[in-house]
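Source: prediction; values computed, not measured.
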Amino acid sequence: GNTWSLKVLPIMNFPRHDMATGFRRQAAAIRAVANSISLNDVKQKLFESAKHLDALAEEEERKAQTGALSQRPQPRT
């Protein structure tokens, strides 16, 4: 049988917000392909890949938010 393998594009050199956007863009593209495929096993794997990319995007957004909070200047007392 066919073995389907999707690779996450190398976007690690971009800021976290851009990485999250990239993951979301890839997830949307994968979903578009999955919706056009009639083979259920391939379609399921594509949807799983899109879900994984969404999770990576959420993680990057959390990291960016945490990083932004830790970089804020502390009030002087």
Side-chain angles (χ1 to χ4, degrees):
N2 289 339
T3 302
W4 288 84
S5 175
L6 296 172
K7 294 182 180 180
V8 175
L9 297 176
I11 58 174
M12 298 303 175
N13 293 330
F14 296 106
R16 292 207 185 279
H17 180 266
D18 290 343
M19 287 175 61
T21 300
F23 288 139
R24 292 206 189 284
R25 192 171 291 131
Q26 289 181 58
I30 287 171
R31 280 191 189 87
V33 170
N35 283 323
S36 69
I37 291 178
S38 61
L39 299 172
N40 285 333
D41 59 333
V42 174
K43 185 181 284 197
Q44 186 61 33
K45 288 183 183 196
L46 289 170
F47 281 127
E48 288 171 7
S49 294
K51 185 176 179 180
H52 176 70
L53 288 166
D54 284 333
L56 289 173
E58 288 175 14
E59 182 179 331
E60 291 302 322
E61 288 167 345
R62 275 194 305 275
K63 288 178 182 177
Q65 203 170 42
T66 301
L69 291 175
S70 67
Q71 293 177 4
R72 284 187 182 167
Q74 299 299 319
R76 294 184 181 200
T77 54

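- Cluster annotation: V33 is not connected to F47 through the hydrophobic network of ILVMFWY side chains, with a link wherever side-chain heavy atoms come within less than 4.5 Å.
- N35 CG to K43 NZ: the interatomic distance, rounded to the nearest 0.5 Å, is 6.0 Å.
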*Take L56 and H52 through the side chain to side chain contact (heavy atoms under 4.5 Å, CB included) test and state the conclusion after the steps.*
CA-CA 6 Å; L56 289 173; H52 176 70; 3.6 Å; yes
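- With sequence neighbours excluded, the residues forming a side chain to side chain donor-acceptor pair (under 3.5 Å) with K63 are E59, listed by chain and number.
- Residues forming a salt bridge (Lys or Arg N to Asp or Glu O under 4.0 Å) with R31 (at least two apart in sequence, or on another chain): D54.
- Annotation: salt bridge (Lys or Arg N to Asp or Glu O under 4.0 Å) contacts of E58 (sequence neighbours excluded): none.
- In this structure, CG in D18 is found 8.5 Å from CZ in R25, a value given to the nearest 0.5 Å.
- None of E61, R24, E60 except one satisfies the side chain to side chain contact (heavy atoms under 4.5 Å, CB included) rule with M19; the exception is E60.
- L46 and I30 make their closest contact through O-CG2, 3.0 Å (heavy atoms, listed as atom of the first residue, atom of the second, distance).
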